[in-house]
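This report concerns only the one structure given below.
In what follows, every heavy atom counts, from backbone to side chain, and hydrogens, waters and symmetry copies are set aside.
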Amino acid sequence: MTANRRNGTASPAQGLEDILSAAAPRPRTSLPNVATTVTTVAALYFGREVFLPIAIALLLTFALAPLVSALKRVGIPRIAAVIASVLSAFAALALFSFIVVTQVSELAQNIPVYQTNILTKIRSLKETGVGGGIIAKLSRVVERVGQEIDRQDASLPAATPEKPPREPVPVEIIARERPLEVLQNIVGPLISPLGSAGLIIVVVIFMLLEREDLRDRFIRLVGYGDLHRTTEALQEAGKRVGRYLLMQLVVNIVYAIPIAAGLWILGIPNALLWGLLALALRFVPYIGPAIGMLLPLFLALAVAPGWSLVLWTAALFVVMELVTGNVVEPWLYGSRTGLSPLAIIVAAIFWTWLWGPLGLILSTPLTVCLVVLGRHVPQFEFLDVLFGNEPVLEPHARLYQRLLAGDPEEATDHAEEMLEEKYLFEFYDKVAIPALLLGERDRVRGVMGDLQRRQVAASALTLVANLDDDAQQEAAEEDVPPEAGEPGDHDDAAGADEADLPDGTDMSVLCAGGRGELDDAAAAMLAQVLEVQGATVSKVGFADIDPANIRRLELDAIDTVVVGFLNRDSVKHARFLVRRLKRAKAALRVGIVFWSETGNDDKETAEKLAHDMNADFVAHGMVDAVVGALSNEPPVAVKLIAKRRMRRQRSAPKKVQAATAS
């Protein structure tokens with residue numbers, strides 16, 4: 001098996017100083033205080049008349065910047081390219097708004113025509129059910145509650161009018177307005193929208209003209225100390241938001257055209273209006289299409305006496321949403337925004353409350369900008385953590401958290417997802433062993449008790465047992481040679497150094513934990529990888545290699561014993577175990593694994609450490625441990641230990657005599 005396969009690499013021997021060093025904890029993400037959050041939200045809310053046009057102008061600048069750049073590349077001057085792009089965009093928006101207003105006006109005039117069909121459906125609902133129907137029962141309940149509320153107190157005398165009350169006479173007041181007042185009533189409501197639109201146009205033009213200058217000023221203001229990070233943030237924000245808006249517009253057009261055509265074929269009035277609304281509302285993921293479907297469904301309920309039109313309309317929206325979401329969107333742009341689904345919903349609610357319907361439309365692009373800001377600026381990292389779709393915990397930390405929680409089943413699910421792209425030894429080497437190293441570090445710091453340590457170890461052993469099927473499947477795949485001419489995985493690492501894990505057939509290995517339950521879990525992982533390589537593997541716990549129990553081990557059929565340690569201070573204990581095991585069987589190969597998360601290319605240090613311990617090999621990762629355990633090299637002779645002891649015994653009397661003579 002090739003270690004480079006599926007992007008895996010071999011872990012060489014590491015120096016003693018790096019043995020078992022767990023990954024340094026990531027700095028804690030600081031959250032803004034309550035006062036800062038409240039002040040910011042209040043400023044956005046009460047200053048929405050200022051911030052909303054600027055936000056719209058900023059997003060339009062991101063969307064139009066690629067078009068301006070394209071026009072400049074074909075030789076059009078900068079000012080002309082900016083003006084042409086802005087006027088084209090706002091002309092399209094104006095045409096869109098005009099069509100929507102016209103369709104809404106026509107719809108309002110035709111609503112009374114649909115009253116009969118609505119009443120017919122209400123009568124049909126009343127006739128359903130038993131004993132007068134569900135609607136009738138609900139109506140009677142509401143009526144009784146109303147009568148109880150209107151009933152007067154019995155203690156108060158009720159006034160009985162002598163004469164029946166007279167019906168009020170409707171009076172209509174006709175106010176004669178002057179022509180100037182009529183003009184004012186018509187033009188007045190339009191002043192604010194037209195003023196905002198003009199302001200947005202001006203701001204967009206100046207942002208596009210001064211884009212480079214604004215970029216430099218922003219860098220000088222917030223990121224002069226780290227030009228690389230700030231430049232990357234600006235490029236990613238512009239690229240991601242611009243691409244999102246452009247691709248979302250294309251997707252929405254592809255979605256809206258069949259919707260409008262289908263509604264027209266079904267006979268839904270104002271089909272063009274519903275198609276345009278579907279186009280606009282689909283900028284809001286998840287909830288936008290649902291909102292765009294409600295009004296056509298209500299209209300389908302009103303225009304026809306039966307229920308078939310409603311069902312056909314609902315089927316049209318559902319089918320188009322499935323096709324668009326599962327075919328068109330993945331084809332045009334993969335993961336899209338970089339936001340989590342929950343963040344999109346929460347952002348839509350927040351921006352709608354803050355800025356109304358326009359905030360709903362702008363919610364996703366604005367939140368994308370915030371996530372990009374949090375991804376590159378440390379002060380705003382909490383935004384990326386809250387709203388981003390990237391995992392906030394590294395894989396080994398996530399696995400350790402599941403082991404701490406005593407949930408090996410979820411840990412198994414995550415492991416199986418990773419095993420779809422990685423080998424088993426890669427998962428153990430890069431994820432599972434580092435997770436156990438985090439546990440060992442917590443044990444050394446005194447924050448993990450004995451009960452919790454045993455729970456983590458038990459969960460890790462359960463995880464290993466749950467992955468037995470994956471291990472067997474991987475072993476079966478390795479037994480099948482690739483067909484001639486079939487592209488193999490070795491092509492993925494062409495030109496790179498490859499480390500093949502040796503075949504373990506006809507070899508017997510004993511894996512043991514060094515000093516605790518967590519070491520036993522790491523030994524079980526190594527044992528499973530050795531089984532995948534075809535070796536005959538047995539496992540014992542750390543208690544079984546205690547000095548009093550080593551003589552009881554059945555070592556006759558064992559070729560190699562591998563003892564693993566997660567603790568960096570176990571060198572002396574490992575040297576003692578090597579000596580005892582080699583005394584128990586002189587022809588036994590004994591290897592020591594000091595599990596470590598980081599790599600070290602200094603093999604000479606590892607060989608020197610093995611020589612000092614009288615071990616056959618010292619490894620620091622899964623690959624080195626497997627290679628050492630399945631090696632055919634002869635064992636280190638135990639007589640080296642005896643000679644060293646004899647020299648010390650011979651030199652001891654001489655030292656005593658010299659001390660006496662002095």
Side-chain angles (χ1 to χ4, degrees), residues 39-68 78-79 81-101 186-218 221-222 234 237-238 240-246 248-249 252 276-277 279-284 288 337 347-373 380 383:
T39 303
T40 303
V41 174
L44 292 174
Y45 181 78
F46 292 105
R48 56 185 176 272
E49 294 184 359
V50 176
F51 291 114
L52 183 57
I54 294 177
I56 296 175
L58 180 63
L59 295 178
L60 287 176
T61 302
F62 280 130
L64 295 178
L67 179 59
V68 174
R78 183 183 187 85
I79 297 179
V82 169
I83 294 177
S85 302
V86 173
L87 291 181
S88 300
F90 279 91
L93 291 176
L95 179 61
F96 178 89
S97 302
F98 175 76
I99 296 175
V100 170
V101 170
I186 295 175
V187 177
L190 299 177
I191 292 178
S192 179
L194 291 177
S196 299
L199 178 62
I200 292 172
I201 293 175
V202 173
V203 173
V204 170
I205 291 176
F206 277 94
M207 281 187 173
L208 289 173
L209 289 175
E210 304 293 334
R211 185 175 52 172
E212 288 78 8
D213 183 65
L214 291 174
R215 178 198 61 200
D216 296 340
R217 293 180 184 275
F218 179 79
L221 184 64
V222 302
L234 289 175
R240 179 172 293 186
V241 175
R243 177 176 173 80
Y244 166 75
L245 293 174
L246 178 60
Q248 189 66 55
L249 178 62
N252 291 0
L276 293 176
L277 288 180
L279 187 152
L281 289 173
R282 211 175 182 283
F283 276 102
V284 183
T337 61
I349 296 173
F350 173 77
W351 291 107
T352 303
W353 167 77
L354 203 64
W355 288 345
L358 285 177
L360 178 65
I361 302 297
L362 302 176
S363 61
T364 300
L366 288 176
T367 310
V368 167
C369 293
L370 294 178
V371 169
V372 172
L373 182 66
F380 300 97
L383 295 172

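- Going from atom CD1 of I201 over to atom CD1 of I56 covers 11.5 Å, rounded to the nearest 0.5 Å.
- When all heavy atoms are compared, the tightest approach of A347 to S363 is O-CB, 3.7 Å.
- Nearest heavy atom pair, residue V41 against residue L354, reads O-CD1, 3.9 Å.
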Handout entry: Audit row: L60, F90, side chain to side chain contact (heavy atoms under 4.5 Å, CB included) steps and yes/no
Key = CA-CA 10 Å; L60 287 176; F90 279 91; 3.7 Å; yes
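- Annotation: side chain of L52 is in contact with side chain of L362 (closest heavy-atom distance under 4.5 Å).
- To the nearest 0.5 angstrom, L67 atom CG is 7.5 Å from S88 atom OG.
- Looking only at distances, no side-chain donor or acceptor of R48 sits under 3.5 Å from a matching main-chain atom of A43.
- Other residues, nucleotides and ligands place no more than 12 heavy atoms under 6.0 Å from the CD1 atom of I79.
- Between L199 and P53, the shortest heavy-atom contact is CD2-CB, 4.1 Å.
- Side-chain N or O atoms of W355 include one that pairs as donor or acceptor with a backbone N or O of L44 at under 3.5 Å.
- To the nearest 0.5 angstrom, L58 atom CG is 12.0 Å from I200 atom CD1.
- Residues F96 and A280 share a closest heavy-atom pair of CZ-CB, 3.9 Å.
- The minimum heavy-atom distance linking V82 with I205 is given by the pair CG1-O, 3.8 Å.
- Counted within 6.0 Å of CZ on F206, heavy atoms from surrounding residues, nucleotides or ligands total 12 or fewer; the atom is thus considered open.
- Atom CG in L208 sits 4.5 Å away from atom OG1 in T61 (nearest 0.5 Å).
- Within the 4.5 Å cutoff, the side chain of V50 has heavy atoms near those of the I54 side chain.
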